[in-house]
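Excluded from the calculations below are hydrogen atoms, water molecules and symmetry mates; all remaining heavy atoms, backbone and side chain alike, are included. Just follow the structure's listing: the first ligand is 1, and inside any ligand the first atom is 1. This one's a predicted model, so the numbers in the text were calculated from it and none came from an experiment.
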Amino acid sequence: MTPDGPAADLLVRDALLVATVDGDRRELPGGWVAVTGGLVSGVGGAGDPVPAAERVVDATGCLVTPGLVNTHHHLYQNLTRAFAPALRGDLFDWLVTLYPLWARLDEEAAYVSAYVGLTELALGGCTTTTDHLYVHPRGGGDLISAEIAAALEVGVRFHPTRGSMSLSRKDGGLPPDSVVQDDDEILADSKRLVDRHHDASHGAMVRLALAPCSPFSVSTGLMRATAELAEALDVRLHTHIAEDAGEDEYCLRMFGHRPVDYLDHTGWATSRTWVAHCIQADAGDVRLLGERGVGVAHCPSSNLVLGAGLAPVAELRAAGAPVGLGCDGSSSADAASLWLETRMAMLLGKLRGGAGAMSARDALEIATRGGAGCLGRTGELGELSVGAAGDLVVWPMPPVTFAGALSDPVEAWLRCGPVAARETVVAGRLVVAGGAPVHDDLPEMLRAHRRMATAMQSAAE
Ligand SMILES: [Zn+2]
């Protein structure tokens with residue numbers, strides 16, 4: 001675009017540095033990004049002609065990156081954040097404590113928890129998020145449509161996944177009967193939601209995926225049928241896998257396979273799938289996931305909070321598996337800042353492989369392009385290039401916490417701080433401006449959230 005061309009909708013200019021994370025990983029000192037019609041219409045450096053624009057954001061002294069992509073979350077869990085009776089157990093103890101509380105989830109709670117959770121994510125620089133909603137209590141209503149309504153209001157790009165559980169305690173599973181559904185009901189509702197909400201077009205704001213909670217919470221028949229339905233509807237597949245050391249033994253006993261083998265056995269080991277965690281993946285698992293192009297949502301804080309271990313991120317990436325970042329549910333990770341997860345991924349990478357094993361640029365790439373790969377949107381999300389989605393973040397570099405950080409703005413971004421987004425832009429629209437959410441109904445939502453969280457937590461046995 002030239003200065004004489006049509007005006008862009010939004011221009012972010014004069015950045016300290018624009019880290020495009022594009023195919024050439026261009027970094028543009030003094031750079032600018034223009035967005036028109038929801039898509040990036042121009043990217044340039046200090047010497048390039050700057051287009052006219054309806055709205056201009058001055059990014060002087062700031063780092064500009066693509067919007068961060070959250071590939072694993074459970075928004076509703078912010079209703080039971082840091083819940084005292086569940087804080088000391090392992091993964092299975094934690095689930096068993098919380099399922100009876102989550103059995104109170106209804107449409108209003110799904111809407112309000114999503115609204116608050118998506119706002120929190122936007123403040124941390126997230127522009128696209130998934131959500132894995134696998135608790136569908138009897139009589140709870142249409143929870144996924146409720147959270148999609150919240151996402152459209154907040155303005156964050158949204159990939160909800162239709163979660164499911166079909167094995168309750170009476171079948172040897174973990175959840176109580178009241179929050180599981182039968183296979184036919186799950187499949188029919190999955191199709192209904194995809195037909196109603198899924199948008200396959202370039203720049204789509206809402207896409208659905210199908211997501212049994214974990215291989216051990218649904219039947220083998222449902223795992224297979226879900227993969228077949230996803231193929232027929234051309235949507236993606238998601239689940240938790242290899243999160244806990246106890247899962248191997250459990251899956252061997254229940255299904256005769258270790259978790260990653262079981263994915264293959266049920267038709268899930270394809271590039272249509274991305275899975276959360278993969279901490280316990282061994283060398284053979286990593287090879288299989290890489291060969292098949294199965295994406296992995298790495299959830300550093302959640303893994304640490306649950307004491308679950310260190311995921312083989314470097315090996316997965318080297319094997320060819322797209323690796324993105326996830327905040328995971330608010331009850332296990334509690335904080336939902338993708339900046340924080342990006343920093344944690346960098347630190348865990350160094351802890352596992354040595355100081356040189358993971359740079360800030362590697363972590364940024366995971367948080368952006370890697371996430372786009374998990375969601376099947378490579379080239380469309382997670383990079384600032386012409387034609388990609390107009391999703392970006394303006395990161396402040398406050399003078400005290402960044403004093404002396406003069407030589408490398410990308411490394412400084414993750415080594416200094418902490419920081420939150422100054423501006424979060426989704427499809428060319430500001431969701432966060434001046435470090436605050438743009439919507440003025442947040443106080444009302446927070447009051448409703450407190451009321452619902454109080455009611456839910458009072459259900460503890
Ligand atoms: Zn999770």
Inset, instruction - Just to the nearest 10 degrees, tell me the angle at the Zn ion (ligand 1) spanned by H72 NE2 and H240 NE2. - result: 90°
Legend entry - Heteroatom of D328 nearest to the Zn ion (ligand 1) (N, O or S, atom name): OD1
Legend entry - Identity of the N, O or S atom of H74 lying closest to the Zn ion (ligand 1): NE2
Legend entry - Qualifying residue, where the test is side-chain contact (heavy atoms from CB on, under 4.5 Å) with M254 and the options are D171, T220, L167: L167
Inset, instruction - For the residue pair Y134 and H132, categorise the inter-ring angle as parallel (less than 30°), tilted (30 to 60°) or perpendicular (more than 60°). - result: perpendicular
Inset, instruction - Inspect the surroundings of CD in E411 and state if more than 12 heavy atoms from other residues, nucleotides or ligands are less than 6.0 Å away. - result: yes
Legend entry - Qualifying residue for side-chain contact (heavy atoms from CB on, under 4.5 Å) with V432, from T127, V426, L123, V393: L123
